[in-house]
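I have placed the structure first, in the form of structure tokens, so that the comments after it can refer back to it.
For the numbers below, each heavy atom of this structure counts, side chains included, while hydrogens, waters and symmetry mates do not. Predicted, not measured: the structure shown is a model, and the values here were computed from it. Protein chains get the first letters and strands the later ones, always in sequence-line order, with residue 1 at the start of each.
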Amino acid sequence: MEKTNKSLKKTLIAFIIFLIVVGIWKPLALVYGIQRGGLYSLIGLPLALILGIVGILNLAHGDFLTLGLYIGYIFFNSWSIDPLISMAPLFFILFGLGMVIYSILIRRVLKAGHLNQLLLTFGISMIIIELIKIIWTTRPRSVYTSYASSSVTLGNMSIGMYEFIYPAMAIAVLVILQLFLKKTRLGQAASAVGQNPKGAEIVGINTNVVYLVVFSIAFGIIGVAASVMLPRTPVFPLSGNPYTLKSFALVAMAGLGNLNGILIGGITLGVAEAIVQSIPGYEGWSDVVFFGILIAVILLNAYRRPES
Amino acid sequence: MLEIRNLNVKYGKIQVIWDFSIDIKSGEAVGLFGPNGAGKTTLINAIIGLVKPESGKIIFENKSLVGLETHKIIRAGIAVVPQERELFPFMTVEENLRLGSAYIPVAKNRVEENLEFVFTIFPILKERRKQKAGTLSGGQQRMLAIGRGLMANPKFLILDEPSLGLQPSLVIELFQKLKEIKKTGMSIFLTEQNVKQGLKIIDRGYVIENGRIVMDDSSINLAKSEYIQKSYLGV
Ligand SMILES: Nc1ncnc2c1ncn2[C@@H]1O[C@H](COP(=O)(O)OP(=O)(O)O)[C@@H](O)[C@H]1O
Ligand SMILES: [Mg+2]
């Protein structure tokens with residue numbers, strides 16, 4: 001405990017120093033980075049939840065995000081419902097979709113080994129993308145809201161205001177999730193299952209119910225993320241797809257079961273990307289930096305914890 | 001209380017338990033002795049629904065357990081202290097213990113008194129109650145696993161090789177504690193390779209070799225038996 005507390009403190013201090021240094025050096029990159037990193041974290045949290053507790057790496061994660069974007073688009077286009085209002089129905093629609101996907105597909109591969117699980121979720125990803133192409137074609141769509149393009153000018157910098165909703169929502173979702181896991185009976189059961197599923201059954205926890213609920217909650221959060229993104233994101237069949245890999249990168253960086261680490265890692269990577277993009281001529285390098293930092297952190301963790 | 005009739009268990013094609021029958025009465029402490037690989041853990045896993053038997057009956061208080069999910073079997077009043085302990089490593093000692101009661105109908109409203117009881121038997125757990133389970137020593141983890149089992153107010157407590165991996169002085173201490181637990185009237189089913197210590201707390205015992213019962217008798221007779229003395233007590 002001592003040790004993990006200390007290393008958490010060290011990580012936090014390093015994180016804050018990093019933010020301060022960037023803030024002095026490139027304040028605009030800091031702001032953009034926090035905004036973008038907030039989005040990465042918000043989208044990464046549900047993947048982390050499913051991977052950490054249900055033990056499934058969902059390769060269709062980003063495609064369910066795309067699906068959420070389309071559903072939000074329909075709410076807006078057909079019934080003129082603002083994305084920030086359709087967030088509530090979207091949470092429940094995706095929650096329900098999570099229940100269905102878990103019950104008819106995921107439940108069957110829980111004991112089937114990692115390769116089968118990856119193949120299944122990869123297949124789901126393909127099916128969603130193709131279905132979207134059939135139903136909505138590949139034409140990009142977008143949602144216009146007046147508030148999404150508001151900005152403030154500070155000195156000679158112009159900063160988009162709407163994007164601050166990403167880190168704000170990421171923090172809100174994280175806090176609610178932590179309260180759920182620590183304070184509710186079902187959440188405590190979920191924590192127990194995440195640490196030791198066999199041990200959980202042995203204390204009388206119905207692991208199947210826990211898996212179902214956690215999977216569905218994670219999907220609900222994907223719905224929330226989709227709503228929040230919608231005002232600033234073009235909607236097309238692959239809009240969400242790249243976020244699967246980015247979310248997985250965050251979990252690999254934070255370590256399994258470390259939800260707070262998703263926020264810290266997401267913002268670190270977001271800021272690093274923003275710095276690269278602020279250097280003229282190097283904009284295209286941001287993915288290289290993203291995965292470069294990821295690999296560095298994983299190696300560092302492996303070095304710090306040689307016993308595990 | 002627990003009745004097993006003609007149980008056969010296989011892993012794939014390999015049969016591990018052969019035509020196994022035992023009876024355990026309420027309030028009794030029964031031992032199952034046998035060498036490594038004899039099938040003791042497999043038998044326990046079959047009782048608590050972690051492996052499906054090929055054939056045979058497992059009946060607990062007139063109710064068949066075969067085919068029930070593990071958590072239902074546990075909620076029916078059976079607690080198990082697994083050989084591998086199966087704790088929650090990133091939770092504190094106290095959180096582990098509380099989880100032992102939280103999901104059991106008869107125990108969930110008795111958490112505080114159960115904690116008190118566990119802490120009187122294992123004072124070390126009280127001292128360490130804010131420490132993460134994963135940072136405890138092997139012996140302390142074993143005690144925590146037993147404590148967590150007791151938190152469920154079980155009618156029937158299964159212990160799978162509690163002495164495994166403990167240094168000899170701790171083994172003696174542990175069996176002292178088990179004696180105290182036995183005095184509460186709980187039925188106990190204990191597997192052991194350490195027959196000498198095991199015999200001290202049981203009323204009756206079975207010997208299992210290669211998945212079959214080769215002997216069953218009272219603890220006094222087992223202790224006297226030439227076969228036990230030669231094969232297990234090294235006399
Ligand atoms: N999950 C498993 N799959 C296949 N064989 C197993 C498995 N678990 C145990 N066995 C085999 O079953 C036999 C009995 O093992 P076990 O029940 O663990 O014995 P014990 O607890 O008496 O040491 C051993 O030969 C062991 O190798
Ligand atoms: Mg064993």
Spacing of [atom1] belonging to [X] relative to [atom2] belonging to [Y], to within rounding of 0.5 Å:
{"X": "Ser191(A)", "Y": "Phe88(B)", "atom1": "OG", "atom2": "CZ", "value": "10.0 Å"}
{"X": "Arg75(B)", "Y": "Asn206(A)", "atom1": "CZ", "atom2": "CG", "value": "6.0 Å"}
{"X": "Gln195(A)", "Y": "Glu95(B)", "atom1": "CD", "atom2": "CD", "value": "8.5 Å"}
{"X": "Thr70(B)", "Y": "Lys198(A)", "atom1": "OG1", "atom2": "NZ", "value": "9.5 Å"}

Nearest heavy-atom neighbours spanning Ile202(A) and Pro82(B) |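 Smallest heavy-atom distance, with atoms named: CD1-CG, 3.6 Å.
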
Distance-minimising heavy-atom pair for Leu99(B) and Val203(A) |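 Looking at all heavy atoms of both residues, the closest pair is O-CB, 3.5 Å.
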
Taking atom [atom1] as the centre, does [X] end up with more than 12 heavy-atom neighbours from other residues, nucleotides or ligands that are less than 6.0 angstrom away?
{"X": "Met1(B)", "atom1": "CE", "value": "yes"}
{"X": "Phe60(B)", "atom1": "CZ", "value": "yes"}
{"X": "Phe92(A)", "atom1": "CZ", "value": "no"}
{"X": "Phe122(A)", "atom1": "CZ", "value": "no"}
{"X": "Glu116(B)", "atom1": "CD", "value": "no"}
{"X": "Phe117(B)", "atom1": "CZ", "value": "yes"}

Give, as side chain, backbone, both or neither, the part of Pro105(B) having an atom under 4.5 angstrom from any heavy atom of chain A.
->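 Neither part; nothing is under 4.5 Å.
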
Can you tell which part of Leu87(B) gets under 4.5 Å to a heavy atom of chain A, answering side chain, backbone, both or neither?
->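 Interface part for Leu87(B): backbone (N, CA, C, O).
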
Glu69(B) vs Thr207(A) side-chain heavy atoms within contact, under 4.5 Å =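 No, too far: nothing below the 4.5 Å cut-off.
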
Kindly indicate whether the side chain of Gln188(A), heavy atoms from C-beta on, has any atom under 4.5 Å from the side chain of Tyr103(B).
->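 Side chain of Gln188(A) against side chain of Tyr103(B), heavy atoms only: contact under 4.5 Å found.
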
